[in-house]
Amino acid sequence: MEEKYMLRALQLAEIGRGQVSPNPMVGCIIVHNDKIIGEGWHQKYGSWHAEVNAVNSVKDLSKLSASTVYVTLEPCSHFGKTPPCADLLVKHQVKKVIICNDDPFPLVAGKGIAKLKNAGIEVVQGLLAEKGSALNARFFTYVEKQRPYVILKWAETADGFIAGENYAPVKITNALSHTVAHKWRSEEDAIMVGTNTARYDNPKLNVREWQGAKNPIRIIVDRKLQLSPSLNLFDNTQDTWILNEQTDKTEDKNTYIKVAFGESFIENTLQELYKRKIQSVYVEGGTTLLQSFIEANLFDEIRVFRSPKQLYQGIAAPVIPKNVDIAEKQNLLGDELTIYKHR
């Protein structure tokens with residue numbers, strides 16, 4: 001029975017994907033006499049947390065003292081954008097709090113649990129913790145590894161190419177795969193491409209195929225600042241960061257960020273993104289950039305669309321590393337999607 005309620009809390013938390021970063025996704029259920037009397041989730045960064053929304057949805061607050069709260073992450077104990085959620089639960093003297101994951105964020109990290117216990121509230125930890133960790137993999141990676149969660153994505157033909165000769169753009173995947181990729185873009189803080197992709201593909205890197213979602217921050221590698229300002233990426237329609245080795249400056253929505261290149265370029269880039277509170281980055285290529293992340297062993301997922309089309313010659317796709325496991329595989333109207341997770 002308890003797992004059923006926590007699964008519902010996790011389901012609610014998922015609704016906040018793409019809206020709450022750099023905060024974690026959190027869902028909360030309040031149960032009285034085996035009946036859900038309150039539900040809530042963290043809906044947007046800076047707005048009320050899941051526990052507040054759940055308590056506010058309860059019609060009869062007198063029932064809270066005899067209720068069990070299921071929450072996917074340890075209630076916060078500090079004043080941030082909003083007051084501490086642990087204090088709210090203590091105020092209403094809820095009977096019991098069941099937590100999926102402890103919060104590793106230093107300002108919380110056990111302090112919320114301690115507040116609840118010190119107030120005489122029973123606390124149970126670790127219910128469906130593995131599912132909670134998967135849900136908030138980006139948040140946990142950001143806090144514990146002090147870098148963004150990295151997703152590498154590309155589309156390749158049946159014979160292993162991602163572009164034609166001399167970087168000629170080629171439509172590889174079908175419309176469904178294209179839409180799925182745009183949905184993914186909307187779920188991450190930033191999207192990153194290399195110089196050749198920017199120059200030859202002239203992408204927009206927005207989410208036009210996934211209506212109503214926010215665009216990620218565009219990140220472009222342009223070491224020598226040689227890309228044409230007429231490219232779509234410099235159209236000032238969304239925040240764009242240009243990684244280079246020459247200057248730090250901002251022009252409209254374009255921010256130029258000076259980064260040390262060379263062997264440690266990937267590490268330096270991720271550290272810079274971490275400092276700028278980028279919790280996740282979705283790397284779309286091309287092969288040189290994607291392979292650099294793989295060789296640096298700095299990635300968390302690899303998502304590959306394989307089309308039945310053949311090119312016979314062109315730019316070869318990156319090489320899947322050995323330290324991954326297949327987490328998901330499905331057919332999208334003929335395109336084969338494989339998602340790999342870092343082992």
Side-chain angles (χ1 to χ4, degrees), residues 150-185 191-206 208-209 218-228 230-234 242-243 261-263 265-266 269 281-342:
V150 177
I151 300 169
L152 309 180
K153 174 265 175 182
W154 69 85
E156 64 180 61
T157 59
D159 50 353
F161 296 103
I162 68 168
E165 286 189 292
N166 300 317
Y167 300 98
V170 177
K171 187 175 181 180
I172 293 176
T173 57
N174 60 38
L176 176 58
S177 297
H178 192 61
T179 300
V180 168
H182 276 235
K183 177 180 181 292
W184 288 343
R185 289 178 180 182
I191 181 169
M192 184 176 183
V193 296
T195 308
N196 286 328
T197 298
R199 178 182 289 123
Y200 295 107
D201 284 5
N202 193 20
K204 295 181 180 179
L205 302 185
N206 57 25
R208 59 192 178 278
E209 300 294 335
R218 300 184 291 205
I219 300 175
I220 314 161
V221 181
D222 187 11
R223 183 173 184 171
K224 303 292 185 181
L225 295 179
Q226 295 176 333
L227 290 174
S228 169
S230 65
L231 292 172
N232 290 325
L233 293 172
F234 301 110
I242 301 96
L243 306 180
F261 280 70
E263 289 185 4
F265 169 67
I266 300 300
T269 293
V281 59
Y282 179 69
V283 186
E284 279 206 351
T287 294
T288 300
L289 181 62
L290 290 162
Q291 198 67 52
S292 295
F293 276 92
I294 291 172
E295 290 173 3
N297 198 30
L298 287 169
F299 67 92
D300 300 283
E301 290 185 36
I302 298 177
R303 301 175 182 179
V304 182
F305 292 103
R306 292 186 177 89
S307 164
K309 298 177 183 177
Q310 298 206 42
L311 276 183
Y312 304 104
Q313 56 187 354
I315 306 298
V319 178
I320 298 291
K322 295 181 179 179
N323 59 339
V324 297
D325 295 313
I326 295 177
E328 184 179 338
K329 204 165 190 174
Q330 58 179 297
N331 187 287
L332 300 177
L333 299 180
D335 290 342
E336 181 185 79
L337 167 62
T338 306
I339 298 179
Y340 305 86
K341 293 287 183 72
H342 196 293

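Note that this is a predicted model, so its numbers are computed, not measured.
- With sequence neighbours excluded, the residues forming a ring-ring contact (aromatic ring centres under 6.0 Å, His included) with Tyr167 are Tyr200, listed by chain and number.
- By the side-chain hydrogen bond (donor to acceptor under 3.5 Å, both in side chains) test, Glu301 pairs with Tyr149, Arg303, sequence neighbours left out.
- Side chains of Thr197 and Glu284 form no contact here, defined as non-hydrogen atoms less than 4.5 Å apart.
- Every residue meeting the side-chain contact (heavy atoms from CB on, under 4.5 Å) condition with Glu328, not counting sequence neighbours, appears here in chain and number order: Gln330, Ile339.
- Met192 contributes atom CE, which lies 5.0 Å from atom OG1 of Thr269 (distance to the nearest 0.5 angstrom).
- Looking at Arg223, its side chain never comes within 3.5 Å of a backbone N or O of Phe261 through a donor-acceptor pair.
- Residues passing the ring-ring contact (aromatic ring centres under 6.0 Å, His included) test with Trp184, sequence neighbours excluded: Phe305.
- Scored by the side-chain hydrogen bond (donor to acceptor under 3.5 Å, both in side chains) test, Asp300 finds Arg147 as partners (sequence neighbours excluded).
- Atom NZ of Lys204 is surrounded by 12 or fewer heavy atoms from other residues, nucleotides or ligands within 6.0 Å.
- A pairwise comparison of heavy atoms in Ile162 and Ala155 identifies CG2-O, 3.3 Å as the closest pair.
- Residues passing the side-chain contact (heavy atoms from CB on, under 4.5 Å) test with Gln226 are Arg199, Asp222, Lys224, sequence neighbours excluded.
- Considering every non-hydrogen atom in both Gly334 and Asn174, the closest pair reads N-ND2, 4.5 Å.
- By the side-chain hydrogen bond (donor to acceptor under 3.5 Å, both in side chains) test, Lys183 is found to be paired with Glu187, residues two or more places apart in sequence or in another chain being considered.
- Atoms CG and CD1, from Leu231 and Ile220 in turn, are 8.0 Å apart once rounded to the nearest 0.5 Å.
- Sorted pairs that involve residues 319-338 and meet ring pair (Phe, Tyr, Trp, His ring centres under 6.0 Å), not counting sequence neighbours, are lacking altogether.
- Under the 4.5 Å side-chain criterion, counting only non-hydrogen atoms from C-beta, Leu225 is in contact with Ile242.
- The line from CD1 of Ile294 to CD1 of Ile320 is 6.0 Å long, rounded to the nearest 0.5 Å.
- With sequence neighbours excluded, no residue forms a ring-ring contact (aromatic ring centres under 6.0 Å, His included) with Phe293.
- Residues forming a side-chain contact (heavy atoms from CB on, under 4.5 Å) with Asn297 (at least two apart in sequence, or on another chain): Phe299, Asn323, His342.
- Separation of atoms NZ (Lys341) and CD1 (Ile151) is listed at 9.0 Å; rounding is to 0.5 Å.
- With rounding to the nearest 0.5 Å, the separation of OG in Ser177 from CG in Asn331 is 8.5 Å.
- When the side-chain contact (heavy atoms from CB on, under 4.5 Å) test is applied to Glu165, the partners found at least two apart in sequence or on another chain are Gln313.
- Smallest separation of non-hydrogen atoms from Asp335 and Pro308: OD1-CD, 3.7 Å.
- In terms of heavy atoms, Gly164 sits closest to Ile315 at O-CG1, 3.5 Å.
- In this structure, Ile172 CD1 and Leu311 CG are separated by 6.0 Å, a value rounded to the nearest 0.5 Å.
- Between Glu209 and Arg185 there is no salt bridge, since no side-chain nitrogen of the basic residue lies less than 4.0 Å from a carboxylate oxygen of the acidic one.
- Between Leu227 and Ala198 the shortest heavy-atom distance is CD1-CB, 3.8 Å.
- Judged by distance alone, the side chain of Thr195 and the main-chain N or O of Val221 form a donor-acceptor pair under 3.5 Å.
- With Gln291 contributing its side chain and Val319 its backbone, the two residues share a donor-acceptor pair below 3.5 Å.
- Side-chain contact between Ile302 and Pro318: absent, with no pair of heavy atoms (C-beta onward) separated by less than 4.5 Å.
- Among residue pairs with one or both ends in residues 150-163, those qualifying as side chain to side chain donor-acceptor pair (under 3.5 Å) are Trp154-Glu156, Glu156-Arg306, Thr157-Asp159; sequence neighbours excluded.
- Taking the side chain as every heavy atom from C-beta outward, Thr338 and Ile326 approach each other to under 4.5 Å.
- When side chains are defined from C-beta on, Val150 does not count as touching Leu298, because their heavy atoms never get closer than 4.5 Å.
- When side chains are defined from C-beta on, Val170 does not count as touching Lys309, because their heavy atoms never get closer than 4.5 Å.
- Ring orientation note: the planes of His178 and His182 are tilted relative to one another, at an angle of 30° to 60°.
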